[in-house]
2 protein chains.
Amino acid sequence: MTFKRTNPLALAVLALLSERPMHPYEMAQTMRERHQEEVIKLNYGSLYTVVETLTRHELITASAVQKAGNRPERTVYAVTGAGTAELHDWLRSLIAEPAREYPRFEAGISMVGLLPPSDALEVVRRREAAVTEQLTALAVLLEKLAGMGLPQLAWIELDYRMAMLRAERAWLSWFATATGEGTVGGYDSWEDRHR
Amino acid sequence: MTFKRTNPLALAVLALLSERPMHPYEMAQTMRERHQEEVIKLNYGSLYTVVETLTRHELITASAVQKAGNRPERTVYAVTGAGTAELHDWLRSLIAEPAREYPRFEAGISMVGLLPPSDALEVVRRREAAVTEQLTALAVLLEKLAGMGLPQLAWIELDYRMAMLRAERAWLSWFATATGEGTVGGYDSWEDRHR
DNA sequence: CCCCGTATACTCGGCGCCGGATATACGGGA
DNA sequence: TCCCGTATATCCGGCGCCGAGTATACGGGG
């Protein structure tokens with residue numbers, strides 16, 4: 001069976017191992033240091049599962065079993081040729097081909113008519129505030145990274161995320177206003193349903 | 001153990017059953033007809049699992065077992081009081097509180113430096129084209145729904161999605177241009193790494 | 001009247017993901 | 001020297017999700 005590109009954590013593993021061989025725990029540490037866990041969900045349990053799966057598909061191999069002092073053994077892995085190929089191909093398709101991902105907010109907002117308009121207005125405003133907070137937090141982080149001398153390419157994903165969050169905030173602001181003024185299409189029957 | 005709000009399909013089930021009692025297969029049909037599967041991932045296997053879980057938590061109950069002709073038995077479910085409360089509360093938190101969702105594109109673009117600049121430019125342009133296609137497809141669908149007399153509130157999630165897609169397209173366009181011109185921060189070392 | 005494709009309605013095995021458990025080593029304070 | 005909190009490194013049971021499989025009924029063409 002061919003390798004299924006499900007968990008992006010596997011992508012991170014391939015990327016890390018193409019720098020140098022590592023053992024799983026070290027991969028996790030490195031991801032933390034580089035703020036990669038902001039972008040790719042990291043979970044120790046999943047990490048070991050992913051490493052095992054990659055090994056089974058011969059995209060990485062156990063290159064050594066170290067034993068320093070009396071510490072538990074640690075298995076060091078290295079990327080194979082097929083692994084490097086997989087990394088690049090996966091990366092290209094990840095960027096080139098948008099994938100349907102079913103964001104939870106879309107599910108929520110699609111049912112907003114189930115809430116009374118006043119409640120809807122309140123929760124949307126709360127989200128707007130939360131998004132604004134995320135934006136300022138990102139701006140701070142970005143300031144810090146740029147201050148450390150990192151080039152834009154090193155935090156390009158944060159740039160993207162900020163653009164998306166700004167767009168979301170603008171939409172939320174519009175929707176809140178339209179709901180408050182009662183100018184959103186279908187407002188009258190919406191209000192009628194809730195009395 | 002308290003009910004975990006993981007699968008949004010459970011939200012759809014609660015919403016459908018607060019209209020009227022249904023059996024699982026009918027829920028699926030209804031979701032299809034209303035284009036809900038565009039927003040919430042529908043899978044028969046998951047549907048039955050979700051229904052069972054909701055039953056276990058007494059958010060819905062099997063209200064009847066029908067047997068029409070010689071067809072297989074079908075179990076009809078109805079929402080309980082606790083279920084209605086859960087629906088509203090879940091909905092409110094889904095809208096009010098942004099959840100980290102790790103979009104795959106963020107993972108991809110964060111590693112774009114691993115590709116040579118020319119390859120990066122190509123795949124980003126391809127995504128830009130794909131996003132544009134999605135936008136025109138959505139515009140067509142939206143035209144159709146509006147033509148059927150449905151109010152804006154009935155397709156508000158498509159409105160949101162279009163706003164997000166437009167923002168993404170704008171960002172992709174900027175990034176492609178900056179990469180092509182070599183004006184993205186860190187371009188020189190990026191190019192150097194790939195010769 | 002038979003055949004076969006489609007619709008109806010659900011079932012089931014497998015697998016990946018998660019979070020908590022496990023076990024040892026190290027370092028600093030009392 | 002003892003204790004305990006933190007770091008190191010991995011393991012494992014359970015569960016939810018997925019997609020393919022099953023079985024019957026209906027309806028239209030030949």
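Just so it is clear, the values below take in all heavy atoms, side chains as well, and ignore hydrogens, waters and symmetry mates. Computed from a predicted structure; not experimentally measured. All chains are named by letter (A, B, ...) in the order of the sequence lines, taking the proteins before the strands, and each is independently numbered beginning at 1.
- With sequence neighbours excluded, no residue forms a side chain to side chain donor-acceptor pair (under 3.5 Å) with B/Arg193.
- In this structure, OH of A/Tyr44 is placed 10 Å from P of D/dA7, rounded to the nearest angstrom.
- Remark: B/Glu58 engages no residue in a salt bridge (charged side-chain N to carboxylate O under 4.0 Å, His left out) (not counting sequence neighbours).
- Atom-to-atom, OH of B/Tyr25 to C1' of C/dT11 comes out at 15 Å; the value is rounded to the nearest Å.
- Across the protein-nucleic acid pair, A/Arg32 atom CZ and D/dA9 atom C1' stand 13 Å apart, rounded to whole Å.
- Rounded to a whole Å, the CD atom of B/Glu26 is 15 Å from the C1' atom of C/dC10.
- Remark: side-chain polar atoms of B/Arg100 are paired, donor with acceptor, to backbone N or O of A/Glu38 under 3.5 angstrom.
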Under a 4.0 Å heavy-atom criterion, the protein footprint on nucleotides 13-18 of chain C, written with B, S and -, is ---SSB
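- Phosphate proximity of D/dT8 to A/His23: absent, as no side-chain N or O sits under 4.0 Å from OP1 or OP2.
- Going from atom NZ of A/Lys4 over to atom C1' of D/dC17 covers 12 Å, rounded to whole Å.
- Comment: A/Glu26 does not engage A/Arg32 in a salt bridge, judged by the lack of any side-chain N to carboxylate O separation of less than 4.0 angstrom.
- Between A/Tyr160 and B/Phe175, the distance separating the two ring centers is not shorter than 6.0 angstrom.
- Straight-line distance from the CD atom of B/Glu52 to the C1' atom of C/dT11: 11 Å, rounded to whole Å.
- Rounded to an integer number of Å, the gap from CD of B/Gln29 to C1' of C/dC10 is 13 Å.
- When the side chains of ILVMFWY residues are joined at heavy-atom separations under 4.5 Å, either directly or via intervening members, B/Met162 and A/Phe105 end up in two distinct hydrophobic clusters.
- Whole-Å rounding puts the A/Tyr48 OH to D/dC12 P distance at 13 Å.
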